[in-house]
Amino acid sequence: MTSTSNTSLSNGSADEIPSLYGPGKNVKRVRTRHLIEAKERGEKWAMLTSYDQYTAALFDEAGIPALLVGDSAANNVYGYETTLQVSVDELVPLVAAVARSTQRTLVIADLPFGSYEAGPTQALETAVRFMKAGAHAVKLEGGRRMAEQIRALTNAGIPVMGHIGFTPQSEHAVGGYRVQGRDAQAAEVEADAHAVAEAGAFAVVLEMVTAAVAAEITKQLPIPTVGIGAGPDTDAQVLVWQDMAGLRRGRPQRFVKRYAVVADVLQNAAKAFADEVRAGEFPTKAHSFE
Ligand code: KIV
């Protein structure tokens with residue numbers, strides 16, 4: 001990911017964000033329109049998940065323009081096996097913590113399974129809870145089948161990020177973890193993308209979609225596409241931070257790139273601490289009070 005120079009923008013009004021990158025240069029909050037403007041000038045951007053104070057502040061300082069408090073907190077925070085199990089009550093405090101700990105990044109709250117599918121009224125009630133907790137936008141899964149919900153939220157002034165392709169909350173309905181958009185399915189994924197954009201979403205996640213279909217959708221839509229396992233041609237990319245930083249052990253999915261192995265750093269620190277305690281080397285006088 002390269003950062004684009006600040007000179008790339010035209011007339012620089014007070015609240016314009018010339019580039020989505022550049023930590024410390026601009027503490028103004030990123031807004032959904034900035035992400036759409038980034039697409040217009042061909043600037044790619046990165047989104048990460050975050051579920052807590054420290055990663056939120058670190059990623060904000062690193063210049064990540066959008067943070068997603070994903071329902072992936074189910075696996076990455078709460079230790080559930082799937083995202084189906086996490087509740088609104090469990091996600092709301094995480095959204096509040098991330099929003100409190102950032103100055104610049106756009107904070108997006110994921111609506112969990114069972115909290116919006118019943119219809120626009122249920123979706124609105126849930127989204128309002130997240131917005132009151134400090135979110136700046138919400139995300140929900142589903143294309144054409146969720147158009148009414150997206151329209152109701154945007155009409156109520158709540159920015160919505162769509163999520164199509166492989167949608168983990170409906171894993172059982174789509175027959176498991178599968179790449180979407182191959183052969184005849186391409187038209188289905190494209191129809192979902194257009195439905196989400198027409199319903200008023202400001203961006204759409206494309207998960208595990210073939211690179212060719214994702215590239216075509218990215219060309220066709222006026223709103224940014226955010227890829228995860230969708231090839232190099234989307235406007236933005238998202239990864240779960242524990243995958244990106246290597247906190248999670250085990251073989252990562254094909255679409256993940258590990259930029260560090262934080263698991264080793266943390267485990268080595270824990271071992272060194274335990275060794276020093278056992279050997280009577282910690283604490284020393286320097287860590288004690290007279
Ligand atoms: O919950 C999540 O982390 C997500 C991203 C993978 C897009 O939905």
Side-chain angles (χ1 to χ4, degrees), residues 35 44-52 55-56 59 64-88 90-95 97-98 105-117 126-127 130 135 137-143 146 149-150 159-171 174 177-181 189 192-193 196 201-209 214 217-218 223-231 234-248 252-259:
L35 303 179
K44 288 185 179 252
W45 47 276
M47 179 163 97
L48 280 171
T49 62
S50 175
Y51 321 95
D52 71 286
T55 59
F59 298 156
I64 301 294
L67 290 180
L68 172 68
V69 186
D71 64 348
S72 50
N75 327 76
N76 291 289
V77 175
Y78 287 108
Y80 293 129
E81 209 169 309
T82 77
T83 56
L84 301 187
Q85 288 149 289
V86 78
S87 67
V88 174
E90 287 168 313
L91 292 184
V92 161
L94 309 188
V95 168
V98 169
T105 191
L106 184 86
V107 177
I108 302 157
D110 217 359
L111 305 192
F113 177 65
S115 73
Y116 60 95
E117 298 88 338
T126 305
F130 282 112
V138 301
K139 176 171 88 57
L140 56 81
E141 292 185 9
M146 286 301 147
Q149 277 86 330
I150 295 171
V160 180
M161 176 177 274
H163 183 158
I164 62 168
F166 176 68
T167 45
Q169 293 176 13
S170 31
E171 178 188 342
V174 298
Y177 224 81
R178 286 177 168 206
V179 175
Q180 308 288 304
V189 181
D192 279 338
V196 161
F202 72 88
V204 60
V205 170
L206 306 180
E207 180 161 354
M208 286 189 28
V209 171
I217 289 172
T218 301
I223 58 170
T225 56
V226 187
I228 177 161
T234 53
D235 299 300
Q237 296 287 334
V238 57
L239 285 176
V240 168
W241 87 256
Q242 289 91 341
D243 294 338
M244 179 279 300
L247 179 62
R248 200 158 69 82
Q253 282 147 315
R254 178 184 166 133
F255 57 76
V256 168
K257 180 171 176 183
R258 276 189 180 144
Y259 289 83

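Because only heavy atoms are used, hydrogens play no part in the values below, and waters and symmetry mates are left out as well, while side chains stay in. When a ligand or atom number is given, it counts from 1 through the structure's own listing order. Quick caveat: nothing in here was measured; it's all calculated off a predicted structure.
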Q: Measure the CG-CG distance between L247 and N76 for me, rounded to the nearest 0.5 Å.
A: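 Reported to 0.5 Å precision, the distance equals 8.5 Å.
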
Q: Nearest 0.5 Å please: distance from the OG1 atom of T49 over to the CD atom of Q242.
A: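 Output value for this atom pair is 5.5 Å.
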
My understanding is that only residues two or more places apart in sequence, or in another chain, count here; which of them pass side chain to side chain donor-acceptor pair (under 3.5 Å) with [X]?
{"X": "T83", "answer": "none"}
{"X": "T82", "answer": "Q85"}
{"X": "T167", "answer": "S170"}

Q.
I'd like to know if the side chain of Q237 reaches the main chain of G231, judged simply by a donor and an acceptor atom lying under 3.5 Å from each other, with no hydrogens or angles considered.
A.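 Yes; at least one donor-acceptor contact below 3.5 Å.
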
Identify all N/O pairs between ligand 1 and the protein with a separation under 3.5 Å and present them as a table of atom names and distances.
residue, atom, partner, partner atom, Å
ligand 1, 1 (O), D71, N, 3.2
ligand 1, 1 (O), D71, OD1, 2.8
ligand 1, 1 (O), S72, N, 3.1
ligand 1, 1 (O), S72, OG, 3.1
ligand 1, 1 (O), D110, OD2, 3.1
ligand 1, 3 (O), S72, OG, 2.5
ligand 1, 8 (O), K139, NZ, 3.0

